[in-house]
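Some notes on the structure that comes next.
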Amino acid sequence: MVIGARSGAPEPDGEPSGNSEGRPAEDGDALRAADSGETEESDSASGRARRAPKQRSFWKELPILIGIALILALVIKTFFVQAFSIPSGSMENTLQVGDRVLVDKLTPWFGSEPERGEVVVFKDPGGWLNDEPAQRSNNSFVRGVQDVFSFIGLMPSSDEKDLIKRVIAVGGDTVECQDSGPVKVNGIALDEPYIFAGNTPCGEKPFGPVKVPDGRIWVMGDHRSNSLDSRYHMDQPGGGTVPVGNVVGRAFVVAWPIGDWATLPVPDTFDQKGLAAGGPLAPTLAGAALAAPAVWWVRKRRR
């Protein structure tokens, strides 16, 4: 009977059914046995799975890592930051010959334009570096290495004709320097503690007044007697000014050598009130613009 099978009665063929202890095998025993078998099979399978993946050797992964690093360096150089080498003493003592500066190339992509007092790198507007040959090594291997490293931004290029100067005036400003100085922007005298010791603000080249066209900047080196800056190119197109579009970016830190490490902030002299073009008249004009509607409204009420 079916009930007898569940109560431990012998099977019809006379063979007892039970476990090693002599008691009948129940559903729980069968499930546990099945589970045990599945666990052993699972452990064996997982052991094989854990042993299956085989890691690449370091030498096989190295080219991939180098490729990723080069791509990242190229992206950073193109859109974010680039290193430039200082080739001359025109910015002493702020920058020394051989210093490496980092230039912010990101903000110009968002429409930011150079401001007074910033140290900027810009491309030759034409004729500023005609007499200076590119500094190229005579060794072809060294030239090749330099070309590759300069392409990805890890080394300054010897072919590009870039200059670095300080922005003194921007579009709309009037700048001048008479006799021994000081330099004046929109009639406001600049106190320039960054000028090379022993130099006068005008150097050997007094100038102006010069009205800087919109979209251009007037630049000067901190070593006034050793800088062929805007003062020396006034006979060229643009009157010595540099197009804003030629500006690569702002130099914000001296990164190398370690002993020369320094930031390049905007000096306080460029924060003077009224320095902006038309600065002294600006409050008056603004007040007049606000007062006109008020006067018109009052006169209308009296009628």
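Starting from 1, each residue takes its place in the sequence as its number. Computed over heavy atoms, backbone and side chain alike; hydrogens, waters and symmetry mates excluded.
- With a 6.0 Å radius and a threshold of 12 heavy atoms from other residues, nucleotides or ligands, Gln96 has its CD atom above the threshold.
- Atoms NZ and OH, from Lys205 and Tyr232 in turn, are 6.5 Å apart once rounded to the nearest 0.5 Å.
- The closest side-chain heavy-atom distance from Leu163 to Val121 is not below 4.5 Å.
- With Ser230 contributing its side chain and Val219 its backbone, the two residues share a donor-acceptor pair below 3.5 Å.
- Side-chain atoms of Pro206 and Cys177, non-hydrogen and from C-beta on, never get closer than 4.5 Å to each other.
- Side-chain N or O atoms of Asp99 include none that pairs as donor or acceptor with a backbone N or O of Val254 at under 3.5 Å.
- Scanning all heavy atoms of the two residues, the minimum distance from Phe122 to Val242 falls at CD1-CG1, 3.7 Å.
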Pair Glu115, Val170 - check side-chain contact (heavy atoms from CB on, under 4.5 Å), show working.
CA-CA 7 Å; Glu115 297 183 1; Val170 297; 5.6 Å; no

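- Put simply, the side chain of Pro213 reaches to within 4.5 Å of the side chain of Thr241, judged on heavy atoms.
- Taking both residues in full, the closest heavy atoms of Ala189 and Pro182 are given as CB-CG, 3.6 Å, listed atom of the first, atom of the second, then distance.
- Between Arg100 and Ser85, the shortest heavy-atom contact is NH1-OG, 3.1 Å.
- The two residues Lys165 and Leu228 come nearest to each other via the heavy atoms NZ-N, 4.3 Å.
- For residues 219-242, every residue pair satisfying the salt bridge (Lys or Arg N to Asp or Glu O under 4.0 Å) rule, not counting sequence neighbours, is listed here: Arg166-Asp222, Glu192-Arg224, Asp229-Arg231.
- Residues passing the ring-ring contact (aromatic ring centres under 6.0 Å, His included) test with Tyr194, sequence neighbours excluded: none.
- Side-chain contact between Met91 and Val119 is present, with heavy atoms from C-beta onward closer than 4.5 Å.
- Hydrophobic clustering keeps Met220 apart from Phe196 (ILVMFWY residues linked when any side-chain heavy atoms are closer than 4.5 Å, directly or through intermediates).
- With Gln82 contributing its side chain and Asp104 its backbone, the two residues share no donor-acceptor pair below 3.5 Å.
- Counted within 6.0 Å of CG on Asp271, heavy atoms from surrounding residues, nucleotides or ligands total more than 12; the atom is thus considered enclosed.
- By the rule that hydrophobic residues join a cluster once side-chain heavy atoms approach within less than 4.5 Å of another member, Trp261 and Phe252 end up as members of one cluster.
- A heavy-atom distance below 4.5 Å is not found between the side chains of His223 and Ile195.
- In this structure, a donor-acceptor pair under 3.5 Å is present between the side chains of Asn199 and Ser225.
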Using salt bridge (Lys or Arg N to Asp or Glu O under 4.0 Å), reason through Glu118 and Arg250 one step at a time and then give a plain yes or no.
CA-CA 7 Å; Glu118 293 181 346; Arg250 174 189 175 183; 3.8 Å; yes

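- The two residues Val244 and Pro114 have their closest heavy-atom pair at CG1-CD, 3.7 Å.
- When all heavy atoms of Ile168 and Arg116 are compared, the pair lying nearest together is O-CG, 3.8 Å.
- Using a 4.5 Å heavy-atom cutoff, the side chains of Gln236 and Trp128 are in contact.
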Can you list the steps and then say if Met234 with Val210 is a side-chain contact (heavy atoms from CB on, under 4.5 Å)?
CA-CA 9 Å; Met234 297 176 62; Val210 175; 3.6 Å; yes

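- Formation of a donor-acceptor pair under 3.5 Å by the Arg216 side chain with backbone atoms of Gly171 is not found in this model.
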Residues Leu95, Val101; criterion side-chain contact (heavy atoms from CB on, under 4.5 Å); working and verdict:
CA-CA 9 Å; Leu95 301 173; Val101 298; 3.8 Å; yes

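- Ile164 has its side chain out of reach of Phe84: every pair of non-hydrogen atoms, C-beta onward, lies at least 4.5 Å apart.
- Listed for the Thr269 side chain is a donor-acceptor partner under 3.5 Å among the backbone atoms of Asp191.
- Thr174 places none of its side-chain heavy atoms less than 4.5 Å from the side chain of Val212.
- Atom OG1 of residue Thr94 and atom CD of residue Glu92 lie 9.5 Å apart, to the nearest 0.5 angstrom.
- In terms of hydrophobic clustering, with Ile, Leu, Val, Met, Phe, Trp and Tyr side chains grouped at heavy-atom distances under 4.5 Å, Val253 and Val81 are assigned to a common cluster.
- Checking side-chain atoms of Asp173 against main-chain N and O of Val185 turns up no donor-acceptor pair under 3.5 Å.
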